[in-house]
Amino acid sequence: MNILSGWTKPWRLRRNAATQPCHVASGTHPDIRLYDKHRVMWQLVLTLALIAGSGLTAQARPQDTTPRLRPQDFVTEQTVAGVKTLIKRRPGSQTVAVGLFFAGGAGNIAPAQAGIEALTLAAATEASRRFPRTLLRRETARLGCSLSYLVTYDYSALTLATTRQTFEQSWKLFADVVRHPRFEAEDVTLMRERLLASLLDDEDDPDALLQQTQARAVYRQHPYAATPTGTPEALARLGVADVRAHYARLLTTKRMLLVVVGDVAPERLAAEAARLFAGLPAGAPPKPLPPLSWAEADVTIVNRSLPTDYVQGVYVAPPLTAPDFPALRLAAAVLRDRIFEEVRVKRNLSYAPTAFLTAQGANLGGIYVSSVAAPQAVEVMLKEIERLKTEPVEPAELRATVAQFLTTTYLAEETNSGQVAALALYELVGGGWRQNFTSLERLQAVTPEQVQAAARKYMGNLRFVIVGDAARARRLREALTAPAPGD
């Protein structure tokens with residue numbers, strides 16, 4: 001779909017070509033000779049002949065019946081040695097991005113081993129059987145490629161970014177890392193220390209502390225309780241044997257998804273993938289993820305001697321596959337823009353207030369603010385939520401919000417790695433990769449009434465976390481938990 005491309009109706013072209021008006025007289029009085037009987041008859045015959053000829057000519061013109069290619073038409077879906085493979089060819093692209101995804105994320109892990117997937121994949125990218133650490137680093141530098149990893153609540157991945165010219169050689173590095181990681185004790189220890197240092201550093205960052213506390217509060221009884229980045233206590237217990245055993249569980253075809261974007265022929269890549277995945281066990285697919293739920297609002301306070309209070313409140317949101325997810329997505333975006341206008345621009349209560357909606361297997365929406373006047377800022381934000389529930393969004397505001405999504409979506413997918421991420425997200429938790437190409441159409445179809453209905457349905461029972469001065473936080477908690485007038 002290319003909603004920016006214009007087109008002209010064919011009938012309009014034919015009509016204009018055949019019936020261009022012509023002036024038969026000049027001045028204010030017509031030439032009476034034009035009304036001569038024989039002259040009029042010949043003009044009539046000539047005009048009919050021209051019209052008939054033009055019509056025949058128009059009908060004889062060849063029609064372009066070639067179907068217009070859509071972005072999804074460049075994606076080839078295959079199952080190679082039991083692994084689903086998505087290859088999006090971008091002719092002329094000078095880079096290639098590869099992601100080998102492992103479905104399950106936090107669902108693969110017990111809370112006591114939180115962080116093991118991050119540790120496993122980090123150590124895997126350090127060295128492989130054919131490429132010890134020093135050689136692997138030298139080869140990646142020589143080829144200009146990058147081997148990395150990512151972890152989320154829903155899936156993890158080993159990734160490769162390289163140029164088209166060095167893709168074949170870079171793929172050899174990637175394939176050996178995937179099938180034969182060394183997991184040397186020295187590498188595992190080094191990666192564990194890095195992850196621990198990052199977690200301990202978060203204790204001094206109020207924003208990071210806010211997010212960690214929020215996650216513990218809302219994911220307590222959910223598989224997401226096993227946070228992908230881990231905890232200091234869990235990571236400290238993990239060793240080489242744990243990492244090797246966990247990677248063996250990951251490397252099964254029913255959990256894996258290969259996504260490649262770049263100027264690479266699908267048949268060529270399928271042959272490479274067949275060698276990569278040959279002999280792998282099938283294993284079991286990840287278990288379905290239960291939805292988040294809670295019945296009551298709540299407030300958690302983390303006491304810190306800070307001049308600024310950090311506040312976040314979240315509500316349960318539907319999955320990407322829900323029919324009303326596009327409406328809630330627009331509701332959250334409208335709320336974000338209104339909060340920015342009311343809290344920052346008009347009242348100068350905070351530099352970066354926002355509203356958000358996650359895109360994962362079990363979703364949350366929410367509001368966030370850091371302020372020296374947090375109670376006033378939060379009061380304004382809650383009033384804006386109520387306004388969304390009680391007043392339909394103006395059509396012009398809704399159209400502008402959809403236009404923002406158009407721009408940000410295209411910007412996010414400018415790079416091959418951005419397109420790999422989008423295809424994987426929708427394939428693993430969004431109902432299939434094709435949904436990535438219809439998401440904007442679904443947003444364009446949303447009405448103001450649907451936005452209002454989504455706000456009413458989901459934007460309630462917010463669970464707040466406050467990081468800041470205890471006395472101020474208690475006053476804010478009292479305001480948040482006070483019964484509404486008339487209750």
Side-chain angles (χ1 to χ4, degrees), residues 198-218 229 297-315 317 328-360 363-389 393 397-398 400-409 411-412 455 458-459 462-481:
S198 177
L199 288 174
L200 294 174
D201 185 59
D202 287 347
E203 290 290 328
D204 298 324
D205 182 345
D207 270 317
L209 181 59
L210 178 72
Q211 300 307 321
Q212 290 178 359
T213 307
Q214 186 87 78
R216 287 194 294 268
V218 299
T229 54
D298 190 24
V299 180
T300 301
I301 294 175
V302 180
N303 182 24
R304 289 291 187 274
S305 297
L306 299 168
T308 300
D309 295 324
Y310 296 76
V311 184
Q312 182 167 285
V314 297
Y315 54 85
L328 185 62
R329 195 178 182 191
L330 288 174
V334 170
L335 180 62
R336 176 201 62 211
D337 294 342
R338 290 179 175 181
I339 281 175
F340 186 86
E341 177 71 16
E342 295 295 328
V343 175
R344 176 178 171 175
V345 177
K346 290 185 178 180
R347 294 171 175 82
N348 198 28
L349 294 173
S350 174
Y351 179 76
T354 193
F356 60 88
L357 179 64
T358 63
Q360 51 193 40
N363 284 315
L364 296 170
I367 55 176
Y368 162 91
V369 67
S370 58
S371 176
V372 295
Q376 296 95 309
V378 172
E379 181 182 5
V380 173
M381 297 166 90
L382 293 178
K383 285 182 178 178
E384 288 303 319
I385 290 178
E386 289 305 310
R387 180 184 166 199
L388 266 180
K389 294 179 180 180
V393 178
E397 184 180 8
L398 189 58
T401 305
V402 173
Q404 287 181 11
F405 274 103
L406 176 68
T407 302
T408 56
T409 298
L411 286 174
Y458 295 108
M459 292 183 177
L462 274 72
R463 290 200 161 185
F464 280 91
V465 170
I466 307 168
V467 175
D469 177 77
R472 293 196 306 265
R474 283 194 295 270
R475 289 195 294 270
L476 178 54
R477 179 171 60 186
E478 291 170 2
L480 291 170
T481 56

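These figures come from a predicted structure and were not determined experimentally.
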>> Let me confirm one number: the OG1-CD1 distance from T300 to I466, rounded to the nearest 0.5 Å.
In response: 9.0 Å

> Taking atom CG of L349 and atom OG of S370, what is their separation to the nearest 0.5 Å?
Replying inline: 11.5 Å

>> Please determine whether side chain to side chain contact (heavy atoms under 4.5 Å, CB included) holds for the pair V299 and T481, giving the CA-CA distance in whole Å, both sets of side-chain angles, and the decisive distance to 0.1 Å.
In response: CA-CA 8 Å; V299 180; T481 56; 4.1 Å; yes

What are the two closest non-hydrogen atoms of [X] and [Y], and how far apart are they?
| X | Y | answer |
| --- | --- | --- |
| I339 | A355 | CD1-CB, 4.1 Å |
| L476 | P375 | CD1-CA, 3.8 Å |
| L328 | A317 | CD2-CB, 3.8 Å |

>> Which residue in the set Q376, E379, M381 passes side chain to side chain contact (heavy atoms under 4.5 Å, CB included) when paired with V343?
In response: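 For V343, the side chain to side chain contact (heavy atoms under 4.5 Å, CB included) check succeeds only for M381.
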
> Among V402, L335, V393, L357, whose side chain to side chain contact (heavy atoms under 4.5 Å, CB included) with L330 holds?
Replying inline: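 Between L330 and the candidates, side chain to side chain contact (heavy atoms under 4.5 Å, CB included) is satisfied uniquely by V402.
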
> Salt bridge check: are R304 and E203 linked by an N-O gap of less than 4.0 Å?
Replying inline: yes

> Any salt bridge between R338 and E341, counting N to O under 4.0 Å?
Replying inline: no

>> Does V314 form a side chain to side chain contact (heavy atoms under 4.5 Å, CB included) with F356? I'd like the steps, not just the answer.
In response: CA-CA 9 Å; V314 297; F356 60 88; 3.9 Å; yes

>> Suppose the criterion is side chain to side chain donor-acceptor pair (under 3.5 Å): which pairs have a residue in residues 462-480, not counting sequence neighbours?
In response: D309-R472

>> Is there a side chain to side chain contact (heavy atoms under 4.5 Å, CB included) between T213 and Y310? Walk through the geometry before answering.
In response: CA-CA 12 Å; T213 307; Y310 296 76; over 6 Å; no

